[in-house]
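I have placed the structure first, in the form of structure tokens, so that the comments after it can refer back to it.
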Number of protein chains: 2
Amino acid sequence: MSEKPPDFTKPYSTVDLVIFTVRDDALSVLLVQRANAPDEPYPLRWALPGGYIDVDRDFDLLDCAKRKLKEKTSLVSPYLEQLGSFGDRERDPRGWSITQVYFALVPSSEIRLQAGANAIDARWFEIGSGETKVRERLAFDHERILTAAIERLRSKVEYTSLPAYLLPEEFTLSELQHIFEIVLARRLDKSGFRTRVLDAGLITKVPRVRRATNRPAQLYRLKDRSAPLVFPRTLGAKN
Amino acid sequence: MSEKPPDFTKPYSTVDLVIFTVRDDALSVLLVQRANAPDEPYPLRWALPGGYIDVDRDFDLLDCAKRKLKEKTSLVSPYLEQLGSFGDRERDPRGWSITQVYFALVPSSEIRLQAGANAIDARWFEIGSGETKVRERLAFDHERILTAAIERLRSKVEYTSLPAYLLPEEFTLSELQHIFEIVLARRLDKSGFRTRVLDAGLITKVPRVRRATNRPAQLYRLKDRSAPLVFPRTLGAKN
DNA sequence: CCAATAGTGTCTGTTAGACAATATACA
DNA sequence: TGTATATTGTCTAACAGACACTATTGG
């Protein structure tokens, strides 16, 4: 039962990102296409954005995730949370590897996609409701990771106000409800939704309204955009 | 924006365990004392059990965690869940390192402690309610990890039946309630507790009773001991 | 029959969920 | 005035929480 010394074989360590947004009324995830190089595994396959930890530039894991997020989306401070890590002997043909997975929620406006170093293209893919979440076979074990991320997102939406991070800074209650409905894939009752969200005290009015061809709607914003998460009560109504 | 090649400097990768039990009516955590060797960081400090991933023996992260758990407690299949990973440049003086942390719930009976390779002693430490969770300064960033683990445990207890894994396979409802109260550090209403737990359908009667100097108590067991987790409704009563 | 704990029943304030009514803008 | 959406109100069934009562054993 001897410990391996620290300079024994180390696993590869990467950080990958599951970046969600809602566009065209559909939950979508950002994928990048891998380069077509002979020494790169899974050439031309679509994959979650990410890459190796740079021990010289990154101070910690979150730093590394933020850096990669910025490289892909040029966003600086969206919602970012650790999903978990996935590591085994077979997921990468180059050897024992571990990926630290973070998931991010970003507003679909405010985004300019950029292809990264190892990626020749970057695109949004809609999340389907079936067993296979995306109409592509992904590289590595990324399908499993994506599935886990979706599950986490859906379950957290039941008791937090996470979807607010999918909207621009200011939004109306109707817009917020709409985005909840998209993520949860079911209708919600208007009255119940409003009281739950407002009673929870997570959002505050801003002294402005959104005008259209009807009654103007009060604008709100998150009370504390940096706060990791929060919890109204249970949610539930099916309308 | 060039990617580092895979054989560039890798962080060290370890797996650490936060092993909880309840003994003498107190939530406790298993710590090991680090060896007093000149080249080892934090000599004689208490730390979470764990160690380097062995890329030859461990197939995946969970495997590695199970192996280490077995080495320390000789338990094979208790509740084991990934807590998260902690990685940065400073947490280990030997260099950039990442630890994959798992947390386990074990019944306090059924345990024979064993000191591991790098550990000269292993002991249970009671979790206090104050800011500092344990009356010891721990090695590395293990205090932060322990705090996160306790937080996770307490929050999950509010909506799952996790504490059942702290009991032997068969238990009475009173025993289950008692252990909930210890973990949550508050009293619960008997009637409400029973209906919640039973309605959730997580446990089943076994055709036996526990006898004492009073009315015998029905024995129960978890319906599916391998099921990752489960959720009654919200919990809450303060009695 | 007493002590001790197991197990069940009752009452009440709160709330989720469904639904309806009213409000306010532009055209 | 009409249309469209915002916002608020009402009613009801379900439920959590508090508390009390009954049940069953050993001594």
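Letters A, B, ... are given to chains in the order of the sequence lines, protein chains preceding strands, and every chain is numbered from 1.
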query = Which whole-number value in Å describes the distance from B:L188 CG to D:dC19 P?
reply = 15 Å
remark   = In whole angstroms, the gap separating P of D:dT8 from CG of A:D199 amounts to 12 Å
Value in whole Å for how far the P atom of C:dG17 lies from CD of A:Q177 = 13 Å
key: Between C:dA4 (C1') and B:K190 (NZ): distance, integer Å   = 11 Å
request  = Tell me which of A:T172 and B:A212 sits closer to the 5' end of DNA chain D, going by the nucleotide each one is nearest to.
outcome  = A:T172
ask   = Checking all strands, does A:S191 fall into the base, sugar-phosphate, or nothing category for heavy-atom contacts under 4.0 angstrom?
value = base
Nearest-nucleotide 5' precedence on DNA chain D, A:T213 against A:E175 = A:T213
ask   = With a non-hydrogen cut-off below 4.0 angstrom, is A:S174 in contact with a base, only sugar-phosphate, or nothing?
value = sugar-phosphate
ask   = With a non-hydrogen cut-off below 4.0 angstrom, is B:R194 in contact with a base, only sugar-phosphate, or nothing?
value = base
ask   = What do the steps show when you test A:L219 against A:T172 for side-chain contact (heavy atoms from CB on, under 4.5 Å), and what is the final call?
value = CA-CA 5 Å; A:L219 283 168; A:T172 70; 3.8 Å; yes
inquiry  = Using whole Å, what does the distance between atom P of nucleotide C:dT24 and atom CG of A:L173 come to?
reply    = 17 Å
query = Can you tell me how far P of C:dT10 sits from CG of B:D189, to the nearest Å?
reply = 16 Å
Side chain to side chain, B:V15 and B:Q100, heavy atoms closer than 4.5 Å = yes
remark   = Checking C:dA18, D:dG26, D:dT7 against the side chain of B:R211 (C-beta onward), the nearest is D:dG26
key: Whole angstrom value for the distance that separates P of C:dC19 from CZ of A:R187   = 13 Å
inquiry  = To the nearest 0.5 Å, what is the distance between NZ on A:K68 and CG on A:D63?
reply    = 12.0 Å
query = With distance as the sole criterion, is a donor-acceptor pair present between the side chains of B:Y220 and B:Q218 under 3.5 Å?
reply = no
task = Check whether any side-chain N or O of A:D189 sits under 3.5 Å from a backbone N or O of A:G192 as a donor-acceptor pair, and report yes or no.
result = yes
A:Q218 side-chain proximity, nearest of D:dT7, D:dC19, D:dG26 = D:dT7
inquiry  = Is the phosphate of D:dG17 approached by B:R196 (side-chain N or O, under 4.0 Å from OP1 or OP2)?
reply    = yes
message = Looking at D:dA4, I'd like to know if its phosphate oxygens (OP1 or OP2) sit under 4.0 Å from a side-chain N or O belonging to A:R215.
response = no
Whole-Å gap separating P (C:dA6) and CG (B:L198) = 14 Å
